Undergrad: 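What follows is a structure written as structure tokens; I'll ask about it next.
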Amino acid sequence: MSAYTTSEMMTVAAARRLQNGAVCFVGIGLPSKAANLARLTSSPDVVLIYESGPIGAKPEVLPLSIGDGELAETADTVVPTAEIFRYWLQGGRIDVGFLGAAQVDKFGNINTTVIGDYHQPKVRLPGAGGAPEIAGSAKEVLIILKQSHRTFVDKLAFITSVGHGEGGDHRRQLGLPGKGPVAIITDLCIMEPEAGSNEFVVTSLHPGITREQVVENTGWAIRFADRLAVTAEPNETELGALRALEARTAAAHGQKGDDQ
Amino acid sequence: MSAYTTSEMMTVAAARRLQNGAVCFVGIGLPSKAANLARLTSSPDVVLIYESGPIGAKPEVLPLSIGDGELAETADTVVPTAEIFRYWLQGGRIDVGFLGAAQVDKFGNINTTVIGDYHQPKVRLPGAGGAPEIAGSAKEVLIILKQSHRTFVDKLAFITSVGHGEGGDHRRQLGLPGKGPVAIITDLCIMEPEAGSNEFVVTSLHPGITREQVVENTGWAIRFADRLAVTAEPNETELGALRALEARTAAAHGQKGDDQ
Amino acid sequence: MADLLSLSEAVQRFVNDGDTVALEGFTHLIPTAAGHELIRQGKRDLTLVRMTPDLVYDLLIGAGCAKKLIFSWGGNPGVGSLHRLRDAVERGWPQPLEIEEHSHADLANAYVAGASGLPFAVLRAYAGSDLPKVNPLLRSVTCPFTGEVLAAVPSVRPDVTVIHAQKADRKGNVLLWGILGVQKEAALAARRCIVTVEEIVDDLAAPMNACVLPSWAIRAVCEVPGGAHPSYAHGYYERDNRFYQAWDPIARERETFVAWVDDYIRGTRDYAEFQQKLAQANAAEAR
Amino acid sequence: MADLLSLSEAVQRFVNDGDTVALEGFTHLIPTAAGHELIRQGKRDLTLVRMTPDLVYDLLIGAGCAKKLIFSWGGNPGVGSLHRLRDAVERGWPQPLEIEEHSHADLANAYVAGASGLPFAVLRAYAGSDLPKVNPLLRSVTCPFTGEVLAAVPSVRPDVTVIHAQKADRKGNVLLWGILGVQKEAALAARRCIVTVEEIVDDLAAPMNACVLPSWAIRAVCEVPGGAHPSYAHGYYERDNRFYQAWDPIARERETFVAWVDDYIRGTRDYAEFQQKLAQANAAEAR
């Protein structure tokens, strides 16, 4: 096994969660990279939908924006943005909503709006985008982001997109159709909601990562599942496909397409 | 002037009401024939919209159905039927709704649903189709139908599509955006709503038609405007264009396309 | 992913007695072949939804497949009445038919709401019309911003929608063009969708923003060339106006109707055999 | 019927100080040239609506044209923050900016409602989100059939919408393709619509069901080749990713931003001169 970065581990681990044939509503950046890696490896028939309108996109290089021409050219069809949200997402046709986040809390709620007070913000983030309704209506949600004290916080200043709300069956009480986040994939580990409480606990540590590292990089008292797995290392196929994808992207754009 | 039929007079008189450049939502049958005659004579830039989806249709031959391929082929674009009703009609972009009817009353209300009791009908008519919302939302409405005791009735068994309701400002009270029917064009005359009461009165008799004929063929005590005009006879251009249109239609379909 | 099936198998697998079924197609691409197959398989107690019932529902109603009809304009376009529909409504033959009546704008919006996963649609409609007096499902809702009272109608969510389209590829992606009607909305509003197509091709060659239904959004694709007769399939064949006229005397009397259905539909194995029989009859008549 | 006008004349005629203006284009076909012209003409007190404010609104806000922003995602896609937007929100420079914040699904539905002549849109949204706490316009409505409580949001009805499209014909009919975003809805929701296009042609050669805006539904068509830079126009030019990155240091500080606007926008007569100047600067940098 060749050496790999924690970023690569994160992307590979996230890509593995996407079942072949699943219909996936893809956020730009890390989710898009992981979803396309899945499509190029284990899940060739995954269906990628971007909020800008492409359905069944099969980009050769990663898009830098949510509406790159590459997505339109490789899609089965391109529909108006409103239709994406109305017929395809709210219509109940999305199996997996694949989201990034600026911050998450222990119940998988997401903040992409503001840090500090809404009216006197410490940091103003981009805002909601498509996430609140993806988080609400996709049959399940995967979240991918780099783990740190600043991103995994005890209390969000602002809940932009709901995960399991206040935990337990709060989500059901809210009447949300989808079952919410089923995994958070980071550069350190995989977290999944604990049965009953729906609090995210670590279920798999990436190779070489210690519990201490995870604890240090989590803003709440993170817990570990009794049966804690170790994530399988990226294999040659996965790494090869990921690096080739990034190389093609860099050649086309001069960027790897994983920002934002 | 060559001889002409009362049917031809009706179609020509109706066509003349359509201003050049008007955006017209066209019903199938008589309205479609008159609207296309207008397009082929005095109003070359009239925009014809059919509920099936064509916008800016310029058919060479009259359609037999509301969704003939000829309409799609000659249109500026063809949109989904729901969009026609949502963005174009309800969106307030229709200048003239051009309707036929099975029956009308003195306030220009239309019945296309049932004669007799709804649940034990004497005659079951086709139903509403697009008419109720055309009658409600088009900026103004033209109605074309052959005049008889059976079609111009004192009291409708069923109001499918509202005209001026109970008369006066009833329409405004109902909150309807369009100003309702501004003319009923028949094979005998033209009727227009009287200022104030909005009751339809005869404002123009077709050449050779007597007041008595109109009275005999109207189911309510029809009144005549103080300044009663005589409709100008069809001129050579109008008759020529109409007959050529019908001849092309008959050659294509074996029918003249004026039924229903 | 859609399975490529025979129409017979698709109807067997996906349509149950008692289902709410929408066969859509607005004068163009009317799924007639699928209507025939419902009759051949003797489906019963269907609630039929369709903006323009047309010949295809006249047939299903006369053949005793329907218990209820949801519609907005019921006629034989350009010809006259639907006699079997009227006989069922007015005289309960072959069985009583409940009707639920809407306007086109209403039903079109109701399909949009169904496709959008919403329980109801909002539109500006019905003020001054008697329709709400005979259809208790035409209700109202008040705008929380302006106070305007608007019509609220229940969304349409068929158990099964059947549409006819021009093409599918071998994966089951479907392309239609021309008059689109409410087919896409009806397809997406349904729990299960069957699409009959003129042909199955290697490559759809669809324009970028064309009306494409992806394979994974539908259940079955069935190749049934000519399956929209007597309506038309843009790019394939024209409307058979003669058949619409010929239908009038066939459907006018119960006896002629039953004889026709027994002969042409129940008496044929599938749509291809029906087409053959119809062609033979037309040829004989022309002689 | 749309008039074929210069962009300068169209903006002069159809945009007033204090108007609610939507410049739409979802990463594709962003009407940048029109944004520049609003600055050149010194339009003030605009309420700007746009799902993704992007560079074009960072510019307008920094240049002091806006008093309010209605949006759902405000960033420099793939790069980072919109510094001028943040400076206005966080420090009131060059003037305070009121913000009204939505989600994409909400604003997309609000444009649809606007195009449909409805005062509000209904969607399943915001349950569990804090957005309704900071935006009092996110309300609810109860389904009169199921009792479900759904989100109700006000429709968007701009005084003026500006979009960029690939082509118009000489009558002013407009064709766009590729990523369509919410442009058609934004155009039809507006009282007045200006369309800038890459080129004016004799024949649109549009596929039958293409996204065409008929001339009579818009007010002005302006030929502005390259007018969507640094976004792209499918079939004409690609996204200028370098410019999105270059924007970050330009907009980061007030001084560099003002200098850039004075030089490149206020210091040029029109978009063609801007393009020339930008090309010269790029060439100089490459040397």
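Scope of the values below: all heavy atoms of this structure, side chains included, with no hydrogens, waters or symmetry mates. Residue numbering restarts at 1 for every chain, and letters A, B, ... go by the order of the sequence lines. This structure is a prediction, so every number in the text was calculated from the model and none was measured.
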Undergrad: So which of A:P132, A:S161, A:G69, A:A131 has the biggest tally of heavy-atom pairs under 4.5 Å with chain D?
TA: A:G69

Undergrad: Examine whether an atom of D:L107 lies under 4.5 Å from a heavy atom of chain A, and if so say whether it belongs to the side chain, the backbone or both; otherwise answer neither.
TA: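 For D:L107, neither part sits under 4.5 Å from chain A.
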
Undergrad: With only heavy atoms counted, which part of D:R124 is less than 4.5 Å from chain A, the side chain, the backbone, both or neither?
TA: both

Undergrad: Please examine the side chains of D:L123 and A:R86, heavy atoms only from C-beta on, and report whether any two atoms are closer than 4.5 Å.
TA: no

Undergrad: Among the options D:S81, D:G178, D:G181, pick out the one with the most heavy-atom pairs lying under 4.5 Å from chain A.
TA: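 Most pairs with chain A among the choices: D:G181.
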
Undergrad: Roughly how far apart are D:Y126 OH and A:L176 CG, rounded to 0.5 Å?
TA: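 One finds 14.0 Å between OH of D:Y126 and CG of A:L176.
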
Undergrad: If you look at every heavy atom in D:G128 and A:I159, which pair is closest and at what distance?
TA: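 Shortest heavy-atom contact: O-CG2, 3.5 Å.
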
Undergrad: Checking D:Y111 against chain A: side chain, backbone, both or neither under 4.5 Å from a heavy atom?
TA: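 Looking at D:Y111, nothing touches chain A.
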
Undergrad: Tell me the closest heavy-atom pair linking D:A105 and A:E133, and the distance in Å.
TA: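 Closest approach of D:A105 to A:E133: CB-OE1, 3.4 Å.
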
Undergrad: Going from CD1 on D:I30 to OG on A:S65, what distance comes out if it is rounded to the nearest 0.5 angstrom?
TA: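 These two atoms lie 8.0 Å from each other.
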
Undergrad: So which of D:A127, D:G75, D:A151 has the largest heavy-atom pair count under 4.5 angstrom toward chain A?
TA: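 Counting heavy-atom pairs under 4.5 Å, the top option is D:A127.
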
Undergrad: Check the pair A:E73, D:H234 against side chain to side chain contact (heavy atoms under 4.5 Å, CB included), reporting the backbone distance first and the verdict last.
TA: CA-CA 9 Å; A:E73 272 157 15; D:H234 212 126; 2.7 Å; yes

Undergrad: What is the minimum heavy-atom distance between A:D68 and D:R239, and which atoms define it?
TA: OD1-CD, 3.8 Å

Undergrad: List the atom of D:V182, the atom of A:T81, and the distance in Å for their closest heavy-atom pair.
TA: CG1-CB, 4.1 Å

Undergrad: Answer yes or no: does atom NZ of A:K179 have more than 12 heavy-atom neighbours from other residues, nucleotides or ligands under 6.0 Å?
TA: no

Undergrad: Are the charged groups of A:R124 and D:E101 less than 4.0 angstrom apart, N to O?
TA: yes

Undergrad: Around atom CZ of A:R248, are there more than 12 heavy atoms of other residues, nucleotides or ligands at under 6.0 Å?
TA: yes

Undergrad: Measure the spacing between CG of A:L125 and CH2 of D:W73 and express it to the nearest 0.5 Å.
TA: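 Output value for this atom pair is 10.5 Å.
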
Undergrad: Which atoms form the tightest heavy-atom contact between D:T27 and A:I66, and what is the distance?
TA: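 Looking at all heavy atoms of both residues, the shortest contact is CG2-CG2, 3.7 Å.
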
Undergrad: Taking all non-hydrogen atoms of both residues, which atom of A:P126 and which atom of D:F71 are closest, and how far apart?
TA: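 Answer, listing the atom of A:P126 first, then D:F71: O-CE1, 3.7 Å.
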
Undergrad: Tell me whether D:E238 at atom CD has more than 12 heavy atoms from other residues, nucleotides or ligands lying less than 6.0 Å away.
TA: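 No - once you tally the heavy atoms of other residues, nucleotides and ligands closer than 6.0 Å, there are 12 at most.
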
Undergrad: For A:Y118 and D:N135, what are the C-alpha separation, side-chain angles and deciding distance, and is it a side chain to side chain contact (heavy atoms under 4.5 Å, CB included)?
TA: CA-CA 11 Å; A:Y118 181 80; D:N135 183 347; over 6 Å; no

Undergrad: Determine whether D:I179 and A:P54 make a side-chain contact, defined as any pair of heavy atoms from C-beta on separated by less than 4.5 Å.
TA: yes

Undergrad: If you count heavy-atom pairs under 4.5 Å between each of D:S231, D:S103, D:C211 and chain A, which one has the most?
TA: D:S103

Undergrad: Assess whether atom CD of A:E166 is packed by more than 12 heavy atoms of other residues, nucleotides or ligands within 6.0 Å.
TA: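 Incorrect, the count does not exceed 12.
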
Undergrad: Any side-chain heavy-atom pair from D:K133 and A:F158 closer than 4.5 angstrom?
TA: no

